[in-house]
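Written out below as structure tokens is the structure these notes cover.
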Amino acid sequence: MLTLALSKGRIFDETMPLLKAAGIEVLEDPEKSRKLILPTNHANVRVVLVRASDVPTYVQYGGADLGVTGLDTLIEHGGGVAGGVATAGLYQPLDLQIAKCRMSVAVRSDFDYAAMVKQGARLKVATKYTTIARDFFATKGVHVDLVKLYGSMELAPLTGLADAIVDLVSTGNTLKANHLVEVERIMDISSRLVVNQAALKMKQADIRRIIDAFSAALSAGK
Ligand code: AMP
């Protein structure tokens, strides 16, 4: 049995065409079903629905053989940025080029970020992505106090909780609607295929077939 961990929404939707290219079709719609384990047209392939931030954990510890997760989630989990072996037990063979966005720093439009950085001011930064934010500001040599939030980071600068936020930006509409401006682009984000290393050895042929089909579909789409 091969188990693929996906999160509902964008990642699930954008992974479906890749699965189809591998000859795999999920037989139930996660938006209509309450099931957490979804069958596919292959009796030996199933999809488990987990929270996005739990995908690396499921795959690392073998609750799933493979999964699809954002680079942001992978880094926060402790995975590396580069391909190949990231965290112990977690192999990262493919950038799927889906759920693309960027990780950025944003501030209130009336906050002079450049001047604050130049002065060497200590910044209060609210984010869910503390590892990425800590590394970014440390490399830049900016002292920050990080405030960990789990949602609606845009609210933090508007209420005085923080000077800046580190968050995912796609169209920029959410920032604009809240009178925030993007002042730094930290990194481009996309979703990655992650594979449990032990599974890669034990179920090599089945996993290789999926990696190769995904890879061919990605090349064809370019
Ligand atoms: P936007 O208004 O299009 O810039 O989208 C920004 C909002 O959507 C922020 O709250 C982000 O956290 C979220 N978001 C954008 N792209 C993604 C993505 N690829 N994965 C997860 N969340 C995202």
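Numbers for residues simply follow the sequence, beginning at 1. Both ligands and their constituent atoms are indexed starting at 1 by order of listing. Both backbone and side-chain heavy atoms feed into the values below; hydrogens, waters and symmetry mates do not.
A distance-only check finds a donor-acceptor pair linking the side chain of N196 to the backbone of Q60 [under 3.5 Å]. Looking only at distances, no side-chain donor or acceptor of E28 sits under 3.5 Å from a matching main-chain atom of P39. At least one donor-acceptor pair closer than 3.5 Å links the side chain of R10 to the backbone N or O of K100. Looking at K128, its side chain never comes within 3.5 Å of a backbone N or O of L149 through a donor-acceptor pair. Looking only at distances, a side-chain donor or acceptor of T159 sits under 3.5 Å from a matching main-chain atom of A156. Remark: side-chain polar atoms of E25 are not paired, donor with acceptor, to backbone N or O of N41 under 3.5 angstrom.
Atoms of ligand 1 found under 4.0 Å from any heavy atom of T171, numbered from 1 in the order shown, are 1 (P), 2 (O), 3 (O), 4 (O). Near D167, with a cut-off below 4.0 Å to any heavy atom, the atoms of ligand 1 are 9 (C), 10 (O), 12 (O). Close approach of ligand 1 to N173 (heavy-atom distance below 4.0 Å) involves ligand atoms 2 (O), 4 (O). Distances below 4.0 Å separate heavy atoms of V169 from the following atoms of ligand 1: 4 (O). For ligand 1, the atoms lying closer than 4.0 Å to a non-hydrogen atom of C101 are 16 (N), 17 (C), 18 (C), 19 (N).
Annotation: atom 23 (C) of ligand 1 to nearest protein heavy atom, L168 CD1, 3.8 Å. Of all protein heavy atoms, the one closest to atom 15 (C) of ligand 1 is S170 CB, 3.7 Å. Atom 10 (O) of ligand 1 has its closest protein heavy atom at E154 OE2, 3.4 Å. Remark: minimum distance from atom 19 (N) of ligand 1 to any protein heavy atom is reached at A99 O, 3.0 Å. Nearest protein heavy-atom neighbour of atom 2 (O) of ligand 1: T174 OG1, 2.5 Å.
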Query raised in the report: Run the side-chain hydrogen bond (donor to acceptor under 3.5 Å, both in side chains) check on R46 and T3 step by step: do they pass?
Result: CA-CA 5 Å; R46 62 181 184 175; T3 303; 2.9 Å; yes
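Every heavy atom of K176 sits 4.0 Å or more from the atoms of ligand 1. Heavy atoms of R10 approach ligand 1 to within less than 4.0 angstrom. At least one heavy atom of G172 sits closer than 4.0 Å to an atom of ligand 1.
Remark: D206 engages R209 in a salt bridge, criterion side-chain N to carboxylate O under 4.0 Å. Using a 4.0 Å cut-off between charged nitrogen and carboxylate oxygen, R102 and D188 do not count as a salt-bridge pair.
Within the 4.0 angstrom cut-off, atom 8 (O) of ligand 1 has no protein heavy-atom neighbours.
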